Each structure stands twice: as C-alpha cells, then as structure tokens.
2 protein chains.
Amino acid sequence: MMGLMDTQSPWLDDDQQDLWQALLTVVIALPAALDRQLQRDAGISNFEYGVLARLSVADESTMRLSDLARVCDSTQPRLSKAMDRFEARDWVARRPDPGDGRYTLATLTDAGRHKLVQSAPEHVAQVKRLVFDPLSAAQRRHLGVALTRIAATVRREVEGS
Amino acid sequence: MMGLMDTQSPWLDDDQQDLWQALLTVVIALPAALDRQLQRDAGISNFEYGVLARLSVADESTMRLSDLARVCDSTQPRLSKAMDRFEARDWVARRPDPGDGRYTLATLTDAGRHKLVQSAPEHVAQVKRLVFDPLSAAQRRHLGVALTRIAATVRREVEGS
DNA sequence: TACTTTCACTTGCTGAGGCAAGTCAAAAGG
DNA sequence: CCTTTTGACTTGCCTCAGCAAGTGAAAGTA
C-alpha cells in the first residue's frame, strides 16, 4: 500500500494514520475529560459552559438563538433544550426579538454570569493543563494555524454542505 | 489583562482564545460531521467505525474488551453496549478468554469485516476532505506533533488521573 | 386581502452514553 | 480450604442529542 495517490486512494498511509489516531483521541477523549471536570465541579457540560461563555461576551449579554447556535457549533434543537435547562435555573432569559417576532433573544442573567465566573477558574486550568502546557510556543502557533483551517472547512461543510 | 503569568491566570489571552475556539469547533463539529456521513451512508457512528477498524487490524481480528476500550478511548459500559449492537448484527462475536475467565475476547466476523470494508471508502474520503486536504505537508506534520502531545496528556489524565 | 412560502424555533420520539451498582472469575491472605 | 479483595464486564436508570414533524411570524405573490 504505497500512499502515492493522495486524495484518491481509499486508505490512509502510515503518517496519515498516526495523525488521524491522535486527532481521534483528542476529539473523543478531550471533550470527555472536560465534561467530567465541569460536571464534577460545576454540574454543567462543556457544551453548556461554552454557550454561557459566548453569551457573556456578546453585546448586552444578548444574542439571537440562531446566531448563538452557529457560533457554538450547535444544532437548533440542541441549543433550544440547553436553553430550557438554563431558564429553569434562571441563568438565561428568552424573549421574542422586538424587531422581528421570528427570532428569539437570549440574555445572560446576573445569576448566569455568576455561575460562569464561578466555574471558570477550574475549567480554564484544566484546559491549560491538557492543551497548552504540553506544547511549546511554536507548537501552539502551528496548532492554531492548522486547526483554524480544519475548523473553517468543517464549518463550510455544516452550512453550505 | 496582560497574559504574563501563563498557567496561573484564570483566563486565556487572545492568542490562546483563538486556538481554543478553533479546537472547540474541531472537537465538537468534526465528530458531528463524521457521524452524519457515516450514519447516512452506513448506519453506524464514527465511534463504532473506529471500534471495527481497530479490531480489524488486531492479531486474529481479536482483542480483549478492556484493551479495545483503552485504544478506542472508550469507557467499558460504552464499549459493552456497542458490542451488544455488533453482536445483534453478527459483526462481532464475544467469548470468555480461555486463559483467564475474567477477560472477554471480541472477534470481528467476516460480516463485520465486510461492513467495514464497504463503509471505508466514503468515510476515508470524508476524513481526507475535512482534515488533510486543507493542510500543507508541513502543516500536517506540525499538527501531528502537537496533537500527539495533547493526546498523550489526555490519556494520562484518563488513566492515572 | 388572502394564500403560499420561508424561516426561527420548539416538541416528540428514539437511541446512545455516563455513572453507580451488580455479577462473576481469579488471586491473595489467613 | 475458606474468606476477602481485586479486576473485567454487564445492567439499570437517567440525561442528553439527533431527527422529523409541528407552530407561529414575516415576506412574497396574486
């Protein structure tokens, strides 16, 4: 199996295999590790933390649900149900967009911001331990470049198909 | 917020934020994109594909469940239930390890190997499109190095804690 | 104005995964 | 030997996510 033809052969060559295995481990085990830490220390998932964090940096702590879903790489039902959970705990308030009744605006409440701030330190520390600490500055740069390209490709796949 | 202290500050600096956002998109949206393709074309998940693929390259197409779980970054219950599904479709056979009755051996059947071979081309093409095509050879190398380090750290976290 | 289309969001149903508890086999200790 | 401990695997309960179908608001069209 000489990996001469690159995008045509239906298999990966050895170098590609190694990269692919490492990427699989990262996409499977890293979210699991983050979920365990956040669930244990804060009772929320990594996904839920990301939603709260993204809302917290939005103008007025408010976003349309559809925009929030896109930047959080979420489907609409998934976000809708997360919002149900958030509203039940008074971390987020939903209301129709006054300018266009089809949209719904989500706003982070003070309690929601408090929850985020309280959960952040241990979570950020975990991210640093697992992702940043093992890498040199140059490796972080390279990783950022490569992941940004892959992320853009995946996003294009999700949207335009 | 000058990001001078690295592992101590409870926040990420701007460069770290960019890398972290790209990594989040990859770990969330990439598995989702792979799952969609495999579910649509083969009726299995990315995780299930990985299990079958790993078994297929094992000696005698056979592994202990605990070893298989480790290399697939799976918990034991998760793998156990995947095996229930595989056995129901006759893709895998389980039997007690003759040498030590505590272990269970899983063997890929001919039907299971057939399923894998049949699913591989489109899946591998998807992986190449989303992960390899957007990168130059040098970028792939750098990505492999960084991901391998992160993967090792995450694995250590899972096992030894 | 009425009808259709489009779009944002929600709901119902089903399947998968996590955790904690249970089962069973082998080893360890008395 | 018998008991206790360890370790591998499975089971039950619950939550969460995906999909497809449903609702309701705005825009386009006759």
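In what follows, every chain begins at residue 1, and chains take the letters A, B, ... in the order their sequences are listed. None of these values were measured; they are calculated from a predicted model.
With A/Arg113 as the partner, the side-chain contact (heavy atoms from CB on, under 4.5 Å) test is satisfied by one option alone out of A/Thr109, A/Leu116, A/Val117: A/Val117. Of the residues B/Ile44, B/Asn46, B/Leu30, the one that meets the side-chain contact (heavy atoms from CB on, under 4.5 Å) test with B/Asp35 is B/Asn46. Applying the side-chain contact (heavy atoms from CB on, under 4.5 Å) test between B/Val92 and each of B/Thr62, B/Asp84, B/Val51, B/Leu52 identifies B/Leu52 as the sole match. Checked against B/Gln126 for a side-chain hydrogen bond (donor to acceptor under 3.5 Å, both in side chains), the options B/His123, B/Arg129, B/Lys128 give a single hit: B/Arg129.
Regarding contacts with the backbone of C/dT10, a side-chain N or O of A/Arg94 is found under 4.0 angstrom from either OP1 or OP2. The side chain of B/Ser80 places no N or O atom within less than 4.0 Å of a non-bridging phosphate oxygen (OP1 or OP2) of D/dC9.
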Practice problem: Starting at the 5' end of nucleotides 20-25 of chain D, put B wherever the base has a protein heavy atom under 4.0 Å, S where only the sugar-phosphate does, and a dash everywhere else. | Solution: B----B
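Sorted by residue number, the members of residues 63-74 of chain B with any non-hydrogen atom under 4.0 Å from DNA chain D read B/Leu65, B/Ser66. Near DNA chain C, defined here as any heavy-atom distance below 4.0 Å, the residues from residues 29-57 of chain A are A/Arg36, listed numerically.
The CZ-C1' distance, from A/Phe86 to C/dC9, rounds to 17 Å in whole Å. Summarising the geometry, the separation between CD1 on B/Ile28 and P on D/dA17 is reported as 10 Å, rounded to the nearest angstrom. As rounded to whole Å, 15 Å separates atom P of C/dT6 from atom OH of A/Tyr103. Computed from coordinates, the A/Arg85 CZ to C/dT11 P distance equals 14 Å when rounded to whole Å. Summarising the geometry, the separation between NZ on B/Lys81 and P on C/dG18 is reported as 9 Å, rounded to the nearest angstrom. Computed from coordinates, the B/Arg78 CZ to D/dC13 P distance equals 22 Å when rounded to whole Å. Here D/dA8 presents its C1' atom at 11 Å from CG of B/Asp97, a figure rounded to the nearest Å.
In the set C/dA8, C/dG17, C/dT11, C/dA8 carries the atom at the smallest distance from any side-chain atom of A/Gln76. Of the listed nucleotides (C/dT10, D/dT11, D/dC9), D/dT11 has the atom at the smallest distance from the side chain of B/Asp84.
The cluster map of Ile, Leu, Val, Met, Phe, Trp and Tyr, joined by side-chain heavy atoms under 4.5 Å apart, puts B/Leu24 and A/Val124 in the same cluster. Cluster membership for A/Val158 and A/Val71, using ILVMFWY side-chain heavy atoms within less than 4.5 angstrom, is shared.
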Quiz item: Would A/Leu23 and B/Val127 satisfy side-chain contact (heavy atoms from CB on, under 4.5 Å), going step by step from the backbone distance to the final call?
Solution: CA-CA 11 Å; A/Leu23 183 51; B/Val127 168; over 6 Å; no
Practice problem: Before giving the answer on side chain to side chain donor-acceptor pair (under 3.5 Å), spell out for A/Gln21 and A/Thr25 the whole-Å C-alpha distance, their side-chain angles and the decisive distance to 0.1 Å. | Solution: CA-CA 6 Å; A/Gln21 180 54 55; A/Thr25 294; 3.3 Å; yes
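How far CE of A/Met83 is from CG of A/Leu68: 5.0 Å, rounded to the nearest 0.5 Å.
By the 30° and 60° cut-offs, the orientation of the rings of B/Phe86 relative to B/Trp91 is tilted.
Ion pairing of A/Asp73 with A/Arg155 is present here, as a side-chain N (NZ or NE/NH1/NH2) and a carboxylate O approach within less than 4.0 Å.
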